[in-house]
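Below: one structure, written as structure tokens.
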Amino acid sequence: MGFDATVVRAQFPILDQQVNGKPLVYLDSAASAQKPQMVLDTMSSAYSQTYANVHRGLHYLSEASTDAYEAVRGKVAHLIGARSEKEIVFTSGATMALNLIAHCYGNTNLGEGDEVLISVADHHANIVPWHLLGGRVGSKTVAAPVDADGSFNMEQFKAHITPRTKIISVPHVSNVLGTVFPIAAIAALAHENGAICIVDGCQGVTHLPVNVTDLGCDFYVFSGHKLYGPSGIGVCWGRSEIWAGLPPFLGGGDMIDDVKTDRSTYAEPPLRFEAGTPPIVECIGLGAAVDFVQQIGMANLRDHEMDMLRYGHQRLASVQGLNFIGMAADKSGVISFTLDAAHPHDISTLIDQDGVAIRAGHHCAQPLMKFYGLGSTARASVGVYTQESDFDVLAEALEKVNRIFG
Ligand code: PMP
């Protein structure tokens with residue numbers, strides 16, 4: 001299917017509204033993307049026509065619900081180029097997925113003095129689970145810097161690898177800088193050094209075609225709500241051979257093989273890692289979101305977003321006193337900036353009066369803010385429905401902020 005921006009945008013009912021008397025300009029998709037009608041319809045019909053608990057019942061609705069839930073594994077596997085749908089573990093989101101890996105892989109494979117190498121540009125979701133792991137097993141978290149312009153620096157990164165490095169965990173795309181990390185090279189580096197490579201794909205799979213097999217990483221995680229799906233559902237992809245050797249994360253229904261009062265044995269992956277009633281309809285909604293992006297084509301989606309990003313940079317560059325934070329050559333999804341005249345929180349609050357939604361704050365990336373000597377930035381982020389006029393309105397609203405503070 002060719003890409004028709006107007007047709008795509010019309011599928012998002014929420015965008016067709018006024019905020020503070022102005023047409024909504026939604027530039028906060030990196031925090032959470034809006035949902036197309038087909039996701040809303042799919043979830044509504046799952047609740048109104050096929051809802052029942054999964055994996056347990058032997059009645060019609062339970063089987064229909066189970067089939068719909070399980071079908072999403074195949075859709076996700078196809079989207080990210082996994083070799084098998086059995087490699088797809090559903091979680092409540094990327095945060096849960098990274099905590100799951102830190103527990104299941106980290107507790108088993110890391111010990112006192114072992115190291116987890118991350119980037120200073122990581123989101124807290126890919127930092128704090130490693131600190132918690134350190135509290136359990138005595139491992140350390142080491143962060144490699146990025147260049148001043150936000151580019152990934154391979155030499156610097158390599159310099160942080162030691163014989164104790166057991167895990168390299170990096171973002172595919174930084175949620176603040178937009179920097180695209182060279183995952184294939186990082187995964188190869190990890191393996192040369194006897195480590196595994198984990199990718200926080202929250203801002204990756206949402207903007208770029210992804211093939212985990214080609215990337216060569218060991219785990220790739222993301223959240224459904226940033227991929228036009230619902231919140232409460234996420235994906236933890238891992239290699240079959242790694243999953244096979246890992247103990248469960250949480251215990252309960254659905255993840256067992258046999259339970260006695262004094263001990264239990266566990267199901268094969270992926271169910272071993274999905275204890276309890278899962279977010280059934282959210283998962284089915286994620287399946288519709290995957291269908292949505294597949295129908296558009298990830299390459300078309302990326303090209304459209306790159307056009308919007310180029311236009312956004314060009315348009316915002318004309319705003320007096322605006323400084324871009326993160327100008328790596330390979331950049332995706334977000335434009336972070338500060339304005340000489342006003343604090344990011346004031347910017348965000350003021351431009352909301354013009355119907356413009358952007359993010360302001362530390363973006364759950366406090367180490368990166370400290371690295372740049374900043375408390376916070378403003379961030380405009382793009383999605384499949386972003387249009388050039390969104391940046392025109394943003395630029396005019398920022399000029400207004402300049403006049404108020406100037
Ligand atoms: N990693 C990155 C790069 C993110 O942008 C986010 C969300 N802002 C997360 C992890 C955490 O995602 P969630 O809160 O959906 O688990």
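Residue numbers run from 1 in the order of the sequence given. Whatever order the structure lists them in is the order used to number ligands and atoms, beginning at 1. As the structure is a computational prediction, the values presented were derived from the model and not from experiment.
For the residue pair Ser139 / Asp114, no side-chain donor-acceptor distance below 3.5 Å is found, with atom types taken as modelled. For the residue pair Glu282 / His225, no side-chain donor-acceptor distance below 3.5 Å is found, with atom types taken as modelled. The closest side-chain donor-acceptor pair between Asn53 and Tyr69, if any, does not fall under 3.5 angstrom. With 3.5 Å as the limit, one finds no donor-acceptor pair spanning the side chains of Ser376 and His345.
Residues with a heavy atom under 4.0 Å from ligand 1: Ala94, Thr95, His123, Ala125, Asn175, Asp200, Cys202, Gln203, Ser223, His225, Lys226.
For the side chain to side chain donor-acceptor pair (under 3.5 Å) condition, the pairs that include at least one residue of residues 196-209, sequence neighbours left out, are His207-Glu305.
Using bins of under 30°, 30° to 60° and over 60° for the plane-to-plane angle, the ring pair Phe219/Tyr105 lands in the perpendicular bin.
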